[in-house]
Amino acid sequence: QVQLVESGGGSVQAGGSLRLSCARSGYRYRNCMGWFRQAPGKEREGVAAIYTGLDSTVYVDSVKGRFTISLDNNKNTVYLQMNSLKPEDTAMYYCAATGTVWAGCTTRRSDYMYWGQGTQVTVSS
């Protein structure tokens with residue numbers, strides 16, 4: 001049984017940084033781990049994803065150059081390092097996991113089977 005628990009959210013000023021963490025149990029040898037976010041009145045959207053087999057990554061255009069997704073050495077925790085934060089980044093952030101895959105990842109919500117409870121990120125001017 002896969003379990004995901006996010007942490008690290010909070011409030012920062014524009015231009016600041018936060019690092020989100022997602023601890024997982026029920027480890028899968030090769031799968032995708034993704035970060036999604038949802039602002040009030042908007043649909044949940046993908047932000048970034050990482051393939052645990054090769055540590056390859058994918059990002060949506062709005063966060064390229066500012067956000068970095070990574071894994072710890074044991075591949076039991078996925079991180080989202082968020083730099084140069086903007087008020088538009090304010091949202092509830094969710095960690096998600098696919099089942100077993102063999103190569104590459106997407107940021108499409110329909111590809112993910114397991115979800116964490118979410119952690120709030122608020123960016124003020």
Donor-acceptor contacts under 3.5 Å from residues 41-48 side chains, at least two apart:
from  : atom 1 : to    : atom 2 : distance (Å)
Arg44 : NE     : Gln38 : OE1    : 3.4
Arg44 : NH2    : Gln38 : OE1    : 3.4
Glu45 : OE2    : Arg37 : NE     : 3.0

- Taking only residues two or more places apart in sequence, or in another chain, which ones meet Ala96 in a side chain to side chain contact (heavy atoms under 4.5 Å, CB included)? Phe36, Tyr112, Trp115
- Among pairs that include at least one residue of residues 59-93, which meet disulfide (SG to SG under 2.5 Å), considering only residues two or more places apart or in two chains? none
- The salt bridge (charged side-chain N to carboxylate O under 4.0 Å, His left out) partners of Asp111 (sequence neighbours excluded) come to Arg108
- Item | Those residues that, when tested against Thr57, pass side chain to side chain contact (heavy atoms under 4.5 Å, CB included) (two or more places apart) | Ile50, Tyr59, Ile69
- Task: Would you list the pairs meeting disulfide (SG to SG under 2.5 Å) in which at least one residue belongs to residues 59-99, sequence neighbours left out?
- Result: Cys22-Cys95
- May I have all residue pairs that pass disulfide (SG to SG under 2.5 Å) and include part of residues 39-94, sequence neighbours excluded? none
- Quick one: side-chain hydrogen bond (donor to acceptor under 3.5 Å, both in side chains) pairs with a partner in residues 7-22, sequence neighbours left out? Ser17-Asn83
- Message: For Arg24, is there any backbone N or O sitting under 3.5 Å from a side-chain donor or acceptor partner on Asn76?
- Response: no
- Task: Kindly write out the residues that satisfy side chain to side chain contact (heavy atoms under 4.5 Å, CB included) with Glu88, not counting sequence neighbours, or none if the list is empty.
- Result: Lys86
- Applied to residues 32-83, the disulfide (SG to SG under 2.5 Å) test, sequence neighbours excluded, yields Cys32-Cys105
- Set of salt bridge (charged side-chain N to carboxylate O under 4.0 Å, His left out) partners for Arg109, sequence neighbours left out: none
